[in-house]
Amino acid sequence: MQNQSSGRRDTRDRILGAAVEVLGTTPDAGMGEVASAAGVVRRTVYGYFPSRSDLVLALARRAVDEIEAVLTEAAPVEKSADVAWADFVARLWPLVHRYRVMVVLRRGEFGEDIHALLGQVEHALADLVRRGQDAGVIGRHLPAGVLSQAAWSAVFTIADDASSPTEVDAASVTVATLLLLGVPESRAKALAQGSGR
């Protein structure tokens, strides 16, 4: 029974992994293309995800869970907010190509549902920025919610424009987002290099 359960979980994960790649390249791709990429028949995909919207929302849920785990690990309350932001972006960057599909799909028919799922992450990032503003390590040039959204969105904009995940390194992305947050350039560069803590 446990082997059967493990097999089902492996198949589901394989379908989701294929969907990230297929939909990331072709957002309008159908279930047949996802099935082909996963090495299963369409009926198998529908057995796990009865509709395309179920598949897309499962992708979004998985991404949000992973992003929340990275944020929780990178940003404990006792850590300075600028350090926490730098650690968050550095840990997120190697995974971000998997989440670009959400940005694309968020602009379409699934936008409201994906936005609702991402709400928890965005709220936590706004709290982190507010904490940094209160401590004087993050700028006050915009309200915390707007500022965190701008810096958070920049990560995906950079990922979307980079031709490959290795074209731009994590340190460069970290510096760019810290500058958006109003962190002085010398401090941003030190944090991105792992010093200045």
Side-chain angles (χ1 to χ4, degrees), residues 20 23-25 27 59-107 110-111 114-197:
V20 166
L23 295 175
T25 306
L59 277 179
R61 278 188 205 96
R62 185 170 86 162
V64 167
D65 288 346
E66 289 181 11
I67 293 167
E68 283 183 328
V70 171
L71 182 57
T72 298
E73 188 178 321
V77 291
E78 66 275 6
K79 189 185 282 186
S80 176
D82 56 347
V83 175
W85 185 279
D87 289 348
F88 170 64
V89 173
R91 292 176 193 194
L92 182 66
W93 183 250
L95 312 172
V96 82
H97 70 281
R98 297 205 311 241
Y99 309 133
R100 287 187 301 174
V101 64
M102 277 200 321
V103 176
V104 174
L105 294 170
R106 190 177 181 177
R107 297 180 192 128
F110 304 107
I114 293 174
H115 181 72
L117 286 170
L118 279 171
Q120 297 165 217
V121 171
E122 291 169 349
H123 181 74
L125 289 172
D127 285 347
L128 177 60
V129 168
R130 192 173 297 109
R131 195 171 93 212
Q133 288 176 328
D134 291 346
V137 296
I138 289 177
R140 292 186 173 276
H141 46 290
L142 288 170
V146 176
L147 190 53
S148 65
Q149 187 64 50
W152 158 247
S153 297
V155 175
F156 290 95
T157 300
I158 295 166
D160 211 27
D161 286 344
S163 58
S164 74
T166 57
E167 183 186 2
V168 179
D169 66 5
S172 299
V173 179
T174 301
V175 169
T177 59
L178 287 168
L179 292 175
L180 281 168
L181 293 173
V183 175
E185 185 175 0
S186 58
R187 171 80 172 154
K189 286 180 176 177
L191 289 173
Q193 298 304 323
S195 58
R197 291 158 192 263

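Taking the charged nitrogens against the carboxylate oxygens, Arg62 and Asp65 have no contact shorter than 4.0 Å, which rules out a salt bridge. Using a 4.0 Å cut-off between charged side-chain N and carboxylate O, Asp134 and Arg140 make a salt bridge.
Listed here is the closest heavy atom pair of Ala86 and Leu191: CB-CB, 4.0 Å. Here the closest non-hydrogen pair linking Val175 and Ala192 is CG2-CB, 3.5 Å. The minimum heavy-atom distance linking Leu180 with Ala150 is given by the pair CD1-O, 4.1 Å. Shortest non-hydrogen contact noted between Leu147 and Gly139 is CD2-O, 3.5 Å. The shortest non-hydrogen separation linking Ala126 to Gly145 is CB-CA, 3.9 Å. A pairwise comparison of heavy atoms in Leu92 and Val70 identifies N-CG1, 4.1 Å as the closest pair.
In this structure, CG on Leu128 lies 9.0 Å from CG on Asp82, to the nearest 0.5 angstrom. In this structure, CD on Gln149 lies 8.5 Å from CG on Leu118, to the nearest 0.5 angstrom. Atom CG of Asp127 is separated from atom CG of Leu71 by 10.0 Å, given to the nearest 0.5 angstrom. With rounding to the nearest 0.5 angstrom, the CG atom of Leu125 is 5.0 Å from the CH2 atom of Trp85. Put simply, CD on Gln133 and CZ on Arg131 are 12.5 Å apart, with the number rounded to the nearest 0.5 Å. From Leu142, atom CG reaches atom CG of Leu181 across 10.0 Å, with rounding to the nearest 0.5 Å.
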* Asked: Checking side chain to side chain contact (heavy atoms under 4.5 Å, CB included) for the pair Ile67/Phe88: CA distance, chi angles, key distance, verdict?
  -> CA-CA 9 Å; Ile67 293 167; Phe88 170 64; 4.1 Å; yes
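Remark: Thr174 engages no residue in a side chain to side chain donor-acceptor pair (under 3.5 Å) (not counting sequence neighbours).
Within 6.0 Å of NE2 on His115 lie no more than 12 heavy atoms contributed by other residues, nucleotides or ligands.
Judged purely by atom type and a 3.5 angstrom limit, Lys79 uses its side chain to pair as donor or acceptor with the backbone of Ala74.
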